[in-house]
Amino acid sequence: MTTLKAVRGTRDLLPPETELWNRIDTVARSVFARYNFGEIRTPIFEDTALFARGVGEETDIVSKEMYTWDDKARAQSEKGQSLTLRPENTAGVVRAYIEHKLGETGQLQKLYYIGPQFRRERPMKGRFRQFYQIGAEVIGPASSGSESPLRDAEVLEMLATLLDELGITGWVLKINSVGSASDRPRYIEALREALKPVVGQMCEDCQRRAVTNPLRVLDCKVPHDQPYIDALPKIADHLDESSKAHFAAVCTALDACGVPYVRDHRLVRGLDYYTRTTFEFTHDAGLGTQNALLGGGRYDGLSEAIGGPKAPGIGFAMGEDRLVLTLQAQKSAKAQLADAYIAPLGEAQNAAALELARELRRATPDRPGLKIELGDGTFRLKKSFEAADKVARKIVLLGEDEVNSGILTVKDFSTGTQSKIARSELTAHLASSNK
RNA sequence: GCGGCUAUAGUUCAGCGGCAGAACGCCUGACUGUGGCUCAGGAUGUCGUGGGUUCGAUCCCCACUAGCCGCCCCA
């Protein structure tokens with residue numbers, strides 16, 4: 001029989017790595033809570049039309065990367081329909097916003113999500129077919145302030161805080177404005193015109209892009225092409241007055257709170273719904289060419305595109321897989337040692353050891369409970385020490401003497417010192433030197 | 001979807017058309033209640049899967065699968 005394996009582009013997350021994933025989730029939830037975001041959980045699959053209309057029929061994501069299937073009717077009373085595993089979460093959140101009439105509250109909705117997304121792409125380092133995103137959306141009727149540049153700046157400031165609290169050092173924030181829905185076609189036309197005379201001298205990829213998707217020429221990294229690209233028209237010069245003022249206000253607010261950023265007029269994003277502010281946080285360690293930790297932007301027309309009321313918004317999605325890779329590359333990911341390893345000396349002490357472990361592990365109103373690894377009485381003492389040294393900060397010896405006297409032997413691996421501790425004081429002793 | 005590189009022990013990787021290797025890790029003992037160092041010994045495995053060429057294939061050829069890199073795109 002052939003052995004079954006995780007399918008291409010999917011993977012199992014195992015300890016100790018899952019500890020890092022959990023830590024990232026915890027830090028993210030804590031930051032979101034302080035900025036007064038609430039969690040939303042949307043279904044993992046949706047009607048295919050949601051993504052076609054929301055993300056854009058012509059985008060690569062929709063045209064070739066979605067896991068879509070025909071869900072057959074099972075009875076007269078049930079309709080068949082085309083369903084799709086979500087390739088991103090913004091469309092689902094906006095769908096929920098419309099469906100539950102969250103705009104009717106008049107309040108600004110601040111929602112975050114953490115969960116798996118699915119795209120049928122060629123897997124690479126930092127790119128998987130099932131991958132995890134942590135994202136958030138700020139959306140509401142214009143009267144709630146959802147359109148304000150202050151929202152953009154606040155979201156960016158929150159992201160800087162989140163990355164800092166995660167311990168990611170050396171991130172770079174790039175921002176740009178892609179203008180309103182009417183600005184962009186005008187700019188693309190200007191780009192085509194400007195490319196015509198020079199594209200013959202540029203790389204083959206650019207010659208193809210100039211025809212298929214001129215905005216992508218801005219992404220070209222071939223050194224020879226750079227002078228030509230620098231000479232091309234900039235989208236900043238093709239924005240209408242209100243988009244210009246909006247972007248300037250975002251920059252002013254970021255300057256005021258000291259979040260560093262670079263304006264990158266070449267930053268273009270591939271999802272149709274983006275308008276005005278777009279951004280990306282990049283990092284160079286551990287990610288190879290997939291160096292974007294997160295990306296996002298404003299989507300002032302998305303709600304209408306999927307049949308809802310006017311509801312301007314801004315959001316982002318972080319690649320959690322990429323945060324993990326970056327933190328691992330920074331070596332700030334070390335497994336948490338147990339507070340103690342209990343070593344019963346002889347099988348006769350096994351039962352007493354379990355009882356002791358239960359006591360130490362148990363949480364009380366004033367103490368969270370200790371992290372305890374339990375050995376085995378059949379191990380020779382040497383083996384217990386070797387095992388304990390790998391997983392715990394201290395070893396607690398529980399032999400016949402200790403069980404009878406109630407005075408336990410505790411050795412601290414970091415200092416090498418050994419002490420006798422009364423059983424009644426053991427919890428306090430182990431908890432006190434918790435760092 | 002297209003092009004390229006890769007796949008051997010738990011891990012990182014050598015290797016060769018003729019007995020499957022190293023380092024680290026793991027297990028046992030020296031050492032019966034004191035680890036890290038040392039020494040002695042031990043187990044590593046469908047050489048990614050399936051075909052083909054050959055007296056003989058882990059090695060050469062083909063296909064498939066998977067990972068990585070580039071295109072495309074994106075978190």
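Chain letters run A, B, ... following the sequence lines, proteins first, then strands; residues in each count from 1. The structure displayed is predicted, hence computed values, not measured ones.
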*Scan A/Thr409 against the nucleic acid and name what it touches under 4.0 Å (heavy atoms): base, sugar-phosphate only, or nothing.*
base
*Determine the sole option in A/Lys125, A/Arg127, A/Gln133, A/Arg11 for which the side-chain hydrogen bond (donor to acceptor under 3.5 Å, both in side chains) test with A/Asp321 is passed.*
A/Arg11
_In whole Å, I'd like the distance from the CD atom of A/Glu65 to the P atom of B/rC73._
10 Å
_Counting only side-chain nitrogens and oxygens, does A/Arg127 get under 4.0 Å of the OP1 or OP2 atom of B/rG67?_
no
*Quick one: label A/Gln418 by what it contacts on the DNA or RNA (base, sugar-phosphate, nothing), any heavy atom closer than 4.0 Å.*
base
*asked:* Between B/rU49 and B/rA57, how many Å separate the two P atoms, rounded to a whole number?
replied: 15 Å
*Name the nucleic acid region contacted by A/Glu280, choosing base, sugar-phosphate or nothing; use a 4.0 angstrom heavy-atom cut-off, strictly under.*
nothing
*Remember a base hit wins even if backbone is also touched, and classify A/Phe128 as base, sugar-phosphate or nothing at under 4.0 Å, heavy atoms.*
base
*Pairwise C1' distance for B/rG4 and B/rC47, with rounding to whole Å*: 24 Å
_Suppose you measure atom C1' in B/rC19 against the same atom in B/rG3; what distance do you get, rounded to whole Å?_
41 Å
*asked:* Quick test of the criterion, 5.5 Å between centres and less than 30° between planes. Is A/Phe131 stacked on B/rA75 or not?
replied: yes
*Do you see a donor-acceptor pair shorter than 3.5 Å between the side chains of A/Thr409 and A/Lys420?*
yes
*Taking C-beta and beyond as the side chain, do A/Tyr299 and A/Glu137 meet within less than 4.5 Å on heavy atoms?*
yes
_Using atom C1' in both nucleotides, what's the gap between B/rA40 and B/rC59 to the nearest angstrom?_
36 Å
*Take the protein atom CD1 of A/Ile61 and the nucleotide atom P of B/rC73, then report the distance between them rounded to whole Å.*
12 Å
*What integer number of Å spans the C1' atoms of B/rG70 and B/rC37?*
48 Å
*asked:* Let's see if you can work this out: which of B/rA75, B/rG1, B/rC73 has an atom nearest to the side-chain heavy atoms of A/Asp60?
replied: B/rC73
_Any A/Val178 side-chain heavy atom under 4.5 Å of A/Asp183 side chain_ = no
_Distance below 4.0 Å between A/Arg380 side-chain N/O and B/rG29 OP1 or OP2_ = yes
*B/rU65 OP1/OP2 closer than 4.0 Å to side-chain N/O of A/Arg8*: no
_If I pick the C1' atom on B/rC55 and the same atom on B/rG50, what distance separates them, to the nearest angstrom?_
23 Å
*Using the P atom as the reference point in each nucleotide, state the distance between B/rG25 and B/rC16 in Å, no decimals.*
27 Å
*asked:* In whole Å, measure the gap between the P atoms of B/rA75 and B/rC60 for me.
replied: 41 Å
*Counting only distance, no hydrogens or angles, is the base of B/rG33 paired donor-acceptor with the side chain of A/Glu402 under 3.5 Å?*
yes
_Distance, rounded to the nearest Å, where A/Gln133 contributes CD and B/rA75 contributes P_ = 7 Å
*A/Phe385 has an atom CZ; how far is it from atom C1' of B/rG35, in whole Å?*
6 Å
*Do other residues, nucleotides or ligands put more than 12 heavy atoms under 6.0 Å from the CZ atom of A/Arg41?*
no
_Interatomic distance, A/Ile395 CD1 vs B/rU34 C1' [rounded to whole Å]_ = 8 Å
_Nearest to the A/Phe413 side chain among B/rA75, B/rG35, B/rG3, which nucleotide is it?_
B/rG35
*Could you check how far CE of A/Met124 sits from P of B/rC5, rounded to whole Å?*
17 Å
*Report yes if at least one side-chain N or O of A/Lys5 is closer than 4.0 Å to OP1 or OP2 of B/rA7; otherwise report no.*
no
*asked:* By nearest atom, which of the nucleotides B/rA75, B/rG33, B/rU28 is closest to the A/Asp401 side chain?
replied: B/rG33
*Within 6.0 Å of CD in A/Glu400, more than 12 heavy atoms from elsewhere*: no
_For A/Phe32 together with A/Tyr112, are the ring centres under 6.0 Å from each other?_
yes
*Nearest whole angstrom, please: distance from the P of B/rC73 to the CD of A/Glu121.*
11 Å
_Checking contacts here: which listed nucleotide (B/rC68, B/rC31, B/rU34) is nearest the side-chain heavy atoms of A/Pro123?_
B/rC68
*Please state how far atom CG in A/Asp389 lies from atom P in B/rC37, giving the value in whole angstrom units.*
9 Å
